[in-house]
Amino acid sequence: MPKSFALFLVVMLVQVRSVLGTQIIDSLNVQPTRFEHQLTYGNFVVPSSLILCGVMGTYVDPFRRWNVDLRDEVLWKSPRKLHFDDQLRYLPVVSVYLLNFVGVESKNRFVDRSIVIFSSYILTTVTVRALKSATGIMRPDSSLRTSFPSGHATLAFAGAEFLWQEYKHKSVWYGVAGYGLAGSVGVMRVINNRHWFADVLAGAGIGILCTKTAYIIYERVKPRFKNRKVETLVYPSYNGDGWGVSLAMRF
């Protein structure tokens with residue numbers, strides 16, 4: 001494993017733990033604020049395990065050999081490419097707003113949940129780009145050295161965790177649907193020969209981790225903005241390749 005990649009993971013984990021892990025209680029024995037989203041090891045077992053599996057499938061034999069064999073098996077059985085993974089990766093996030101629009105109330109109000117998913121997307125973008133640059137893994141179609149981790153899977157699973165957090169109080173099936181959509185995106189990336197399965201696993205873990213982190217951070221900084229006026233603007237955007245939605249907020 002490249003030293004720069006290993007150092008990046010160590011620094012990131014130490015910083016997250018040092019910033020969020022300890023609550024200082026003063027000598028007056030004031031009770032700490034109870035937060036819904038806790039920084040506990042149990043909350044991070046699944047995403048951390050997915051990232052670890054992705055790293056092992058990329059760097060460690062015989063997992064790396066299995067990763068290549070799986071890609072070859074998928075291509076042999078599924079020669080046709082699927083061309084809607086670009087749109088499907090955003091569907092879990094869009095579903096949150098659509099459900100709210102038709103009257104299925106989410107856990108958080110529009111401004112709060114929008115800040116959370118916007119923060120999550122910033123974290124995913126920075127993390128994915130840094131890892132792609134640090135690892136330089138060749139894509140299975142030999143097009144670019146930007147394979148690890150899968151950006152599509154990262155965004156899809158970040159959205160799936162967002163959907164689950166906003167609607168888990170309603171039904172477990174919202175989470176099942178969200179993660180089913182995200183898993184479909186990951187499968188399509190392998191079928192389209194754009195990513196190794198290990199890339200998808202790592203991307204899934206990073207996406208879930210980033211959304212969980214966004215909830216944890218925002219829940220702790222939100223009281224500072226309680227009495228401030230927030231102006232929100234949602235508008236369509238076009239980057240030359242396709243249409244999207246942009247969010248602008250002023251505090």
Side-chain angles (χ1 to χ4, degrees), residues 1-13 44-92 120-121 123-161 176 178-212 241:
M1 184 186 303
K3 292 183 179 180
S4 59
F5 177 45
L7 180 61
F8 174 83
L9 289 179
V10 171
V11 171
M12 183 174 69
L13 290 174
F44 297 96
V45 169
V46 172
S48 299
S49 299
L50 289 171
I51 295 172
L52 178 61
C53 289
V55 171
M56 294 176 65
T58 302
Y59 292 104
V60 181
D61 288 325
F63 301 102
R64 181 167 54 183
R65 181 70 257 173
W66 177 82
N67 190 36
V68 175
D69 290 342
L70 177 63
R71 188 283 306 261
D72 295 339
E73 183 75 10
V74 169
L75 291 182
W76 181 71
K77 291 185 176 180
S78 304
R80 294 183 59 186
K81 292 186 177 182
L82 304 173
H83 300 287
F84 49 92
D85 48 346
D86 288 338
Q87 295 75 31
L88 195 61
R89 58 179 161 165
Y90 297 113
L91 188 54
S120 175
Y121 272 9
L123 288 173
T124 58
T125 300
V126 171
T127 303
V128 167
R129 290 188 176 182
L131 290 176
K132 284 179 181 291
S133 177
T135 57
I137 302 298
M138 181 67 72
R139 289 180 182 267
D141 61 0
S142 300
S143 59
L144 294 168
R145 289 191 173 274
T146 56
S147 191
F148 185 91
S150 168
H152 281 63
T154 303
L155 290 177
F157 278 90
E161 177 66 17
V176 172
Y179 277 104
L181 289 171
S184 299
V185 173
V187 170
M188 280 188 281
R189 297 306 284 170
V190 177
I191 291 176
N192 293 341
N193 203 29
R194 294 293 291 165
H195 282 288
W196 309 98
F197 186 61
D199 303 337
V200 173
L201 290 177
I206 292 170
I208 297 171
L209 183 63
C210 287
T211 296
K212 285 181 177 292
D241 295 324

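This is a predicted model, so every value here is computed, not measured. Positions are given from 1, in the same order as the sequence printed here.
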Write down the atom of Ala182, the atom of Ala160, and the distance for their closest heavy-atom approach. CB-CB, 4.0 Å
Enter the distance from Ile137:CD1 to Leu144:CG here, rounded to the nearest 0.5 Å. 13.5 Å
Compile the donor-acceptor pairs under 3.5 Å between side chains in residues 196-206 and protein atoms, sequence neighbours left out, one pair per line.
| from | atom 1 | to | atom 2 | distance (Å) |
| --- | --- | --- | --- | --- |
| Trp196 | NE1 | Met138 | O | 3.0 |
| Asp199 | OD2 | Ser147 | OG | 2.3 |
| Asp199 | OD2 | His195 | ND1 | 3.4 |
| Asp199 | OD2 | Trp196 | N | 2.9 |

Can you name the closest pair of heavy atoms from Pro92 and Leu181 and give their distance? CG-CB, 4.2 Å
Test item: Val187 and Val190 side chains (from C-beta on) under 4.5 Å apart, heavy atoms: no
Which distance, rounded to the nearest 0.5 Å, do you find between the OG1 of Thr211 and the OH of Tyr121? 8.0 Å
Return the CZ to CH2 distance between Arg71 and Trp66, rounded to the nearest 0.5 Å. 13.5 Å
With sequence neighbours left out, the residues meeting side chain to side chain donor-acceptor pair (under 3.5 Å) with Arg64 are Asp61
Quick one: list whatever passes side chain to side chain contact (heavy atoms under 4.5 Å, CB included) with Asp141, sequence neighbours left out. Arg139, Ser143, Asn193, Arg194
What pairs with Arg129 under salt bridge (charged side-chain N to carboxylate O under 4.0 Å, His left out), at least two apart in sequence or on another chain? none
Output the distance between atom NZ (Lys132) and atom OG (Ser150), rounded to the nearest 0.5 Å. 6.5 Å
Go through the structure and list residues passing side chain to side chain donor-acceptor pair (under 3.5 Å) with Thr58, not counting sequence neighbours. none
Partners of Thr124 by side chain to side chain donor-acceptor pair (under 3.5 Å), sequence neighbours excluded? none
For Lys212, give me all partners under side chain to side chain donor-acceptor pair (under 3.5 Å), at least two apart in sequence or on another chain. Glu161
Going through the distances and angles, do Leu209 and Phe157 end up as a side-chain contact (heavy atoms from CB on, under 4.5 Å)? CA-CA 9 Å; Leu209 183 63; Phe157 278 90; over 6 Å; no
If the condition is salt bridge (charged side-chain N to carboxylate O under 4.0 Å, His left out), which residues does Arg189 pass it with, not counting sequence neighbours? Asp85
What is the minimum heavy-atom distance between Pro149 and Leu131, and which atoms define it? CD-CB, 3.7 Å
Donor-acceptor contacts, no H, no angles, side chain residues 46-56, under 3.5 Å, sequence neighbours left out:
| from | atom 1 | to | atom 2 | distance (Å) |
| --- | --- | --- | --- | --- |
| Ser48 | OG | Phe44 | O | 2.6 |
| Ser49 | OG | Val45 | O | 2.7 |

Pairing residues for Asp86 by the salt bridge (charged side-chain N to carboxylate O under 4.0 Å, His left out) criterion, not counting sequence neighbours: none
